[in-house]
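Each remark here refers to the structure printed beneath this line.
Note that ligands are numbered from 1 as they come in the structure, with each ligand's atoms numbered from 1 the same way. Hydrogens, waters and symmetry mates play no part in the numbers below; they use all other heavy atoms, side chains included.
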Amino acid sequence: MKRRLLFLGPPGAGKGTQAQRLAADRGLLHLSTGDLLRAEVAAGSDLGKQAEAVMARGELVSDALVLAIVRSRLEGQPEDGGWLLDGFPRNLAQAEALAELLEDLGQPIELVVLMELEDGVLIQRLLSRGRTDDNEAVIRHRLEVYREQTAPLIRYYRDRGLLAGVAADGTMEEVAANIAAMLA
Ligand code: B4P
């Protein structure tokens, strides 16, 4: 069974929802850069102070900050531990840095799960979630940032033979079943 996974998709596709569930089921480390950044903001750390305004605008926090967070978490992982990266990488520079880090650790990615669905559904989901960065103007900006900076990763991982698409427009249970079937 594949145990080194990455979830890719636009904001609101349900990456966090499904990643949390799958990681708990399979005993994987769940690494969500969004959750880790929000924890830094809540703690009022220097890093959190730098991230807060950027996240509120729906833009990407600096690569150096995010990379430092991910590196510190992955370096302690045993080789056979398994992990699920959710919301990272978000651009090509982060993907290249991740590839280097994983090569150093001898723990290559085994599968990239792409979750995609229509903008209308994404926007509705995020408006009902109601986080502070979930108002319509910020959501639309996050979708633009996704198309410009994150969507190129689809090709990047497809070219490396790692990408598998999953239908993400069903209920949470249906999407979980689609992912489980793909990993079986
Ligand atoms: P993230 O925290 O990664 O969040 P997201 O992309 O908005 O949401 P996700 O796809 O995980 O959706 P979720 O499961 O919650 O990013 C937030 C911000 O952090 C970014 O804008 C950026 O500023 C910063 N950031 C994070 N990582 C970064 C990085 N690597 N580099 C730079 N900056 C970074 O689901 C959304 C809603 O839909 C929920 O309410 C959920 O309950 C609902 N839902 C899920 N599945 C559903 C289903 N099947 N049916 C109905 N509702 C569903």
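- Between the side chain of Glu174 and the backbone N or O of Thr171 there is at least one donor-acceptor pair closer than 3.5 Å.
- Partners of Asp119 under the side chain to side chain donor-acceptor pair (under 3.5 Å) rule, at least two apart in sequence or in another chain, are Arg147.
- For Glu173, the salt bridge (Lys or Arg N to Asp or Glu O under 4.0 Å) partners are Arg21, not counting sequence neighbours.
- Looking at Arg142, its side chain never comes within 3.5 Å of a backbone N or O of Ala137 through a donor-acceptor pair.
- Tested against Trp83 for a side-chain hydrogen bond (donor to acceptor under 3.5 Å, both in side chains), the candidates His30, Gln77, Gln107 yield a single pass: Gln107.
- Residue pairs meeting the salt bridge (charged side-chain N to carboxylate O under 4.0 Å, His left out) criterion with at least one partner in residues 151-167, sequence neighbours excluded, are Arg155-Asp159.
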Which N or O atoms of ligand 1 sit under 3.5 Å from a protein N or O, and how far apart is each pair?
residue  : atom   : partner : partner atom : Å
ligand 1 : 2 (O)  : Arg38   : NH1          : 3.0
ligand 1 : 2 (O)  : Arg38   : NH2          : 2.9
ligand 1 : 3 (O)  : Arg90   : NH1          : 3.1
ligand 1 : 3 (O)  : Arg90   : NH2          : 3.3
ligand 1 : 6 (O)  : Lys15   : NZ           : 2.9
ligand 1 : 7 (O)  : Arg129  : NH2          : 3.2
ligand 1 : 7 (O)  : Arg142  : NH2          : 2.5
ligand 1 : 8 (O)  : Gly12   : N            : 3.4
ligand 1 : 8 (O)  : Arg129  : NH1          : 3.4
ligand 1 : 10 (O) : Gly12   : N            : 3.2
ligand 1 : 10 (O) : Ala13   : N            : 3.4
ligand 1 : 10 (O) : Gly14   : N            : 3.4
ligand 1 : 10 (O) : Lys15   : N            : 3.3
ligand 1 : 10 (O) : Lys15   : NZ           : 2.8
ligand 1 : 11 (O) : Gly16   : N            : 2.9
ligand 1 : 14 (O) : Gly16   : N            : 3.3
ligand 1 : 14 (O) : Thr17   : N            : 2.8
ligand 1 : 14 (O) : Thr17   : OG1          : 2.6
ligand 1 : 15 (O) : Arg129  : NH1          : 2.7
ligand 1 : 16 (O) : Arg90   : NH2          : 2.9
ligand 1 : 23 (O) : Glu59   : O            : 2.6
ligand 1 : 27 (N) : Thr33   : OG1          : 2.7
ligand 1 : 27 (N) : Gly87   : O            : 3.3
ligand 1 : 27 (N) : Arg90   : NH1          : 3.4
ligand 1 : 30 (N) : Thr33   : OG1          : 3.4
ligand 1 : 30 (N) : Gly87   : O            : 3.1
ligand 1 : 30 (N) : Gln94   : OE1          : 3.1
ligand 1 : 31 (N) : Gln94   : NE2          : 2.9
ligand 1 : 33 (N) : Val61   : N            : 3.1
ligand 1 : 49 (N) : Arg125  : NH2          : 3.3
ligand 1 : 49 (N) : Gly170  : O            : 2.9
ligand 1 : 49 (N) : Met172  : N            : 3.3
ligand 1 : 50 (N) : Arg125  : NH2          : 3.4

